[in-house]
Amino acid sequence: MIDELKLNSTQEQRLQVIEDLRKEGIDPYGQRYDRTHSSEQAKAEFEKAEAQAAEKEHFTTAPMKLAGRIAAKRDQGKTAFVHITDQAGKIQVYIRKDVIGEEAFALLKRLYAGDIIGVEGPAFRTKTGEISIRAEKIVILSKSINPPPEKFHGLTDVEMRYRQRYVDLMSNPEVRETFLKRSQIMQSIREYMGSQGYLEVETPMMHTVAGGAAARPFITHHNALDMELYLRIAPELYLKRLLVGGFERVYEINRNFRNEGISIKHNPEFTMMEVYQAYGDMETMMDLSEEVICHAAKKFFPDLKVVHQEKELNFTRPWRRVSMLDLVREVTGCNELTYSCSRELAAEQAKKLHVPIEKNDSAAKIIVKIFEEKIEATLMDPTFVFGYPKETSPLAKGSKDDPAKVDRFELFIYGREIGNAFSELNDSEDQLARFENQISQREAGDDEAHQMDTDYVNALRYGMPPAGGLGLGIDRIVMLLTDSASIRDVILFPTMRKRVAGAAEETAGETEEQK
RNA sequence: GGAGCAUUAGCUCAGCUGGUAGAGCAACUGACUCUUAAUCAGUGGGUCGUCGGUUCAAAUCCGCCAUGCUCCA
């Protein structure tokens with residue numbers, strides 16, 4: 001057998017029981033089981049019926065059918081208490097030999113924590129007041145070979161929690177809760193977007209040109225067409241093609257892939273919502289950001305005071321809107337700073353604040369670095385920072401008041417970038433020039449500079465309405481609303497290094513191949 | 001890319017200045033008809049992440065590597 005799947009003695013014992021059951025004609029893996037109640041429904045129904053009952057003492061309901069995984073077993077001789085968990089929660093099952101019969105009671109001996117069973121019987125209250133099911137019938141729905149994690153602490157080893165999320169989910173209810181909330185957040189975002197007339201669309205995940213953002217892509221190969229394809233780093237350029245086509249409000253919620261480092265706030269594949277609205281602009285997108293995020297946040301924090309990592313964040317609208325130049329001027333105390341000021345002036349301010357810069361950084365880049373280094377982490381309550389330098393935003397429309405600036409904002413919450421938006425550049429020839437400028441930056445060694453997308457320029461030549469566009473980091477929003485410290489806690493199966501089973505020899509064989 | 005920390009039974013963890021391994025839960029055997037981290041008595045379970053070094057002797061000291069977490073770039 002494959003080494004990794006070799007059974008230890010506990011597993012061998014459990015497997016032996018499974019074989020014994022089969023010999024006795026008992027199916028250890030069960031069949032369809034038509035439940036009448038979840039654990040939650042059973043408790044709710046009992047409470048309701050009990051409240052209406054004339055005689056509350058020893059009150060029992062009609063029999064119910066429930067199913068779930070055995071979380072704990074307390075065997076007491078001729079009776080036993082078993083807790084079973086289902087998706088909704090858990091419920092206690094009370095098993096008496098004189099109720100269930102000798103044979104079924106004997107079967108109980110061979111049921112372990114981790115096994116999945118079906119239970120039939122009326123609900124009642126135990127002496128201690130816990131609503132329980134008095135079992136009249138028990139069926140095995142699935143035996144388990146692997147014992148579940150320790151019942152009190154659950155699974156805490158973070159590596160195992162991420163690699164074997166199924167174990168994490170079965171033993172840690174708060175993890176189930178987080179992903180349940182994630183689903184509710186997604187639903188509430190879609191609900192809001194739909195209510196405002198935005199059309200949900202799906203654009204390609206495999207791109208011939210990886211555009212729409214500054215990031216390194218994953219490269220793959222299509223055999224039949226014999227060509228390189230890139231997993232998308234952003235859907236932006238496709239969504240704007242749809243505006244050219246005549247759709248006026250579109251959005252997409254899906255995965256982006258960026259071939260970059262992994263951290264507490266970065267996973268190589270992450271979920272982003274992008275929205276485009278014809279005839280709108282940057283400010284339209286500020287309003288939309290507030291509305292859609294608050295719509296989701298209200299479900300968990302009705303007063304919009306979001307508690308995250310022991311800090312209270314005030315989501316009450318309107319959110320602060322402040323220009324990047326104002327913020328940087330304030331922190332440096334230098335009012336002469338502009339994106340087109342002398343490089344020396346900007347460099348001097350950076351040096352004063354101990355912000356490291358590169359030799360060929362422009363004044364604009366230095367100002368952004370001062371912002372990132374000194375201000376970003378301090379923006380706790382939701383804050384829109386607007387007015388970005390043109391040179392780092394090749395898809396955004398220029399500002400009317402300053403040719404070096406574009407109408408772009410980023411949204412920060414808890415010191416983290418949550419969203420990015422701009423008034424979309426719809427002048428095809430300006431776009432062409434911006435792409436050409438990006439190409440020279442790429443040639444100068446910036447491998448995150450945008451690639452040329454000639455078809456996109458062609459699309460713009462047909463005319464695209466002025467528009468506002470927005471990208472929101474869904475995982476990061478989920479982190480905020482579920483009080484999760486790491487992005488890995490809100491992604492069911494985060495990206496992990498390939499686990500090498502018999503480490504030594506396998507890696508020796510592999511390293512050559514990989515080079 | 002750099003730094004710090006971690007890796008011991010299925011799970012949660014002890015293990016001091018080096019003397020070849022412990023607990024609780026889980027499992028197994030038995031007792032127990034309202035328990036809930038049930039209780040009580042007993043049993044089995046380990047290549048101490050890998051490879052190497054120092055040493056009479058390494059879970060423990062040193063080094064490489066692997067994996068993970070955190071911080072920094």
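Naming convention: chains lettered A, B, ... in sequence-line order (proteins, then strands); numbering from 1 in each chain.
Under 4.0 angstrom from either OP1 or OP2 of B:U70 there lies at least one side-chain N or O belonging to A:Arg488. For A:Arg163, a side-chain nitrogen or oxygen approaches OP1 or OP2 of B:G68 to under 4.0 Å. A sub-4.0 Å separation between OP1 or OP2 of B:A66 and a side-chain N or O of A:Arg497 is absent. Between A:Asn8 and the phosphate of B:G10, there is a side-chain N or O to OP1/OP2 separation shorter than 4.0 Å. Proximity of A:Thr156 to the phosphate of B:U12: a side-chain N or O atom is located under 4.0 Å from OP1 or OP2.
Listed by first then second residue, pairs satisfying salt bridge (Lys or Arg N to Asp or Glu O under 4.0 Å) with a partner in residues 97-113 of chain A read A:Glu24-A:Arg110, A:Asp75-A:Lys109, A:Arg96-A:Asp98, not counting sequence neighbours. Residue pairs meeting the salt bridge (Lys or Arg N to Asp or Glu O under 4.0 Å) criterion with at least one partner in residues 173-185 of chain A, sequence neighbours excluded, are A:Arg182-A:Asp475.
Spacing of P atoms, B:C11 relative to B:G30, comes out at 27 Å, to the nearest Å. Comparing the same atom, C1', in B:G45 and in B:C28 gives a spacing of 10 Å after rounding to whole Å.
Counting non-hydrogen atoms of neighbouring residues, nucleotides and ligands closer than 6.0 angstrom, the CD atom of A:Gln87 reaches no more than 12 such neighbours.
Counting non-hydrogen atoms under 4.0 angstrom, A:Gly261 reaches nothing in the nucleic acid.
When the P atom of B:U35 is taken as reference, atom NZ of A:Lys73 falls 19 Å away, rounded to whole Å. Computed from coordinates, the A:Leu111 CG to B:A27 C1' distance equals 14 Å when rounded to whole Å. Between the CG atom of A:Asn146 and the P atom of B:G45 there is a distance of 20 Å, rounded to whole Å.
The base of B:U33 lies close enough to the side chain of A:Arg96 for a donor and an acceptor atom to sit less than 3.5 Å apart. In terms of polar N and O atoms assigned as donor or acceptor, the side chain of A:Glu130 never comes within less than 3.5 Å of the base of B:U35 in a complementary pairing.
The two residues A:Ala67 and A:Ile84 have their closest heavy-atom pair at C-CD1, 4.0 Å. Across all their heavy atoms, A:Leu111 and A:Lys143 have their closest contact at CA-NZ, 3.9 Å.
When each of B:U33, B:A26, B:C11 is scored by its nearest atom to the side-chain atoms of A:Tyr94, the top-ranked nucleotide is B:U33.
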